[in-house]
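Since the structure comes first, as structure tokens, the remarks are kept for the end.
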Amino acid sequence: MAQIIDGRALAHKMQAKLADKVAELKAQSRIVPGLAVILVGDNPASQVYVRNKEKFALAAGFKSVTLRLSESTSQEELINIIQEYNNDDSIHGILVQLPLPNHINDKKIILAIDPHKDVDGFHPMNTGHLWSGRPLMVPCTPAGIMEMFREYKIDLEGKQAVIIGRSNIVGKPMAQLLLDKNATVTLTHSRTRHLSEITKQADILIVAIGQGNFVTKDFVKDGAIVIDVGMNRDDNGKLLGDVHFEQVSQVASLITPVPGGVGPMTITMLLEQTYQAALRSVSK
Ligand code: GUN
């Protein structure tokens, strides 16, 4: 039976440390890290994420601004708002919740964010830094997963790491972070043939495909470490990972649960990066 990687406990510990660092920064430099979160429309999942970001930001002593805009907000209006936050010295991190309504081009929105305030690490300048091995702002979900590996003393050197899902938010940045730690990385996706044969080679399997219970025990090698990024709902509205937990926990050595695994770490890294941005603004 696999050991559980407790993301909630690690997030709690890191956020408590962060609250201390925020208090110290306030006392020393009178700077309060400020995070602006922008939500366009009323996607129910996004509303939950945004509410949680606000709750944890406030708990850690941050200034938190949440802007809820109507579905009909134009691209130009959104860019103007981003530019105001770019120029606002009390805001160190800007996050525009994805997905955006169809009439808004998310690439243009990401480009409008000052890369130094891009706490999601989505701006091409930050992806470029990441791929050239000098990361500045890193997408929060893969950054949180790397913290889990650190906490659980998982040595990645020379290991076979397989990622399912090639998104800009998780799969691609995850590949680069694992490469930085000398893992051998395979990036698979919806068109990959003979997927389970590839995933069965994995010492470390990271699943971000967005389909509930997709990875059954037939995909997993005995003793593998399995990280589940999925956040799906079943017919009764119950939260469901991409990994069939009951089955896979029989064969894996370590596994993240859903909820209480990767999710809390994503928010923690968002706060951590906002704090780091605030710190850099002091020495500017
Ligand atoms: N939607 C799902 N995950 C994320 C994320 O990490 N950042 C943003 N901005 N939107 C998301």
Side-chain angles (χ1 to χ4, degrees), residues 7 11 35-57 64-69 71 73 75 78-79 81-82 85-86 91-102 104-115 117-127 130 135-148 163 165-177 206-212 227-233 239-242 256 258-259 261-274 277:
L35 173 65
V37 175
I38 305 172
L39 173 61
V40 185
D42 41 28
N43 177 313
S46 293
Q47 283 180 347
V48 176
Y49 297 147
V50 165
R51 211 177 310 133
N52 279 331
K53 284 166 188 166
E54 186 170 36
K55 180 172 121 190
F56 289 108
S64 170
V65 182
T66 305
L67 202 55
R68 292 176 170 85
L69 302 172
E71 182 86 18
T73 305
Q75 181 168 300
L78 182 55
I79 290 177
I81 290 166
I82 291 170
Y85 288 134
N86 283 345
I91 296 295
H92 305 94
I94 303 169
L95 180 146
V96 180
Q97 185 67 31
L98 302 178
L100 286 165
N102 287 337
I104 300 179
N105 179 335
D106 52 8
K107 290 192 181 66
K108 292 211 168 121
I109 296 305
I110 289 167
L111 274 175
I113 299 171
D114 177 346
K117 298 191 178 186
D118 167 39
V119 278
D120 262 325
F122 293 165
H123 190 285
M125 190 188 99
N126 285 318
T127 50
L130 177 61
L136 185 64
M137 301 277 202
V138 178
C140 298
T141 299
I145 293 170
M146 294 308 284
E147 286 297 321
M148 289 173 152
I163 302 164
R166 58 175 153 182
S167 70
N168 290 332
I169 301 183
V170 183
K172 284 193 248 173
M174 190 77 244
Q176 176 58 30
L177 291 171
I206 296 175
V207 191
I209 195 172
Q211 283 187 45
I227 308 290
D228 187 351
V229 183
M231 283 274 213
N232 314 284
R233 301 259 169 202
L239 205 54
L240 207 62
D242 289 351
T256 61
V258 175
V262 172
M265 290 305 298
T266 299
I267 295 184
T268 305
M269 299 318 291
L270 172 70
L271 300 180
E272 181 67 38
Q273 296 203 111
T274 305

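Just follow the structure's listing: the first ligand is 1, and inside any ligand the first atom is 1. The model shown is predicted, which means the values in this text are computed figures rather than measured ones.
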How far does CD1 of I113 sit from NZ of K108, to the nearest 0.5 angstrom? 15.0 Å

I'd like a table of donor-acceptor pairs (distance under 3.5 Å, sequence neighbours excluded) in which one partner is a side-chain atom from residues 262-273, with atom names and distances.
unit_1 : atom_1 : unit_2 : atom_2 : d
T266   : OG1    : T141   : OG1    : 3.0
T266   : OG1    : V262   : O      : 3.4
T268   : OG1    : Q15    : NE2    : 2.9
T268   : OG1    : P264   : O      : 2.8
E272   : OE2    : K21    : NZ     : 3.2
E272   : OE2    : Q276   : NE2    : 3.0
Q273   : OE1    : V138   : N      : 2.9
Q273   : NE2    : V119   : O      : 3.0
Q273   : NE2    : V138   : O      : 2.7

Flag side-chain contact, heavy atom, 4.5 Å: L111 against P124: yes

Write out each pair where an N or O from ligand 1 and one from the protein are under 3.5 Å apart, with the distance.
unit_1   : atom_1 : unit_2 : atom_2 : d
ligand 1 : 1 (N)  : Q97    : NE2    : 3.2
ligand 1 : 1 (N)  : L98    : O      : 3.0
ligand 1 : 7 (N)  : D120   : OD1    : 3.0
ligand 1 : 7 (N)  : D120   : OD2    : 3.4
ligand 1 : 9 (N)  : V96    : O      : 2.8
ligand 1 : 9 (N)  : D120   : OD2    : 2.6
ligand 1 : 10 (N) : L98    : N      : 3.0

OG1/T66 to CD/Q47 distance, rounded to the nearest 0.5 angstrom? 12.0 Å

I want to check something: taking the side chain as every heavy atom from C-beta on, are R233 and L239 in contact at a cut-off of under 4.5 Å? yes

Mind checking whether L100 and L78 have side chains closer than 4.5 Å, heavy atoms only? yes

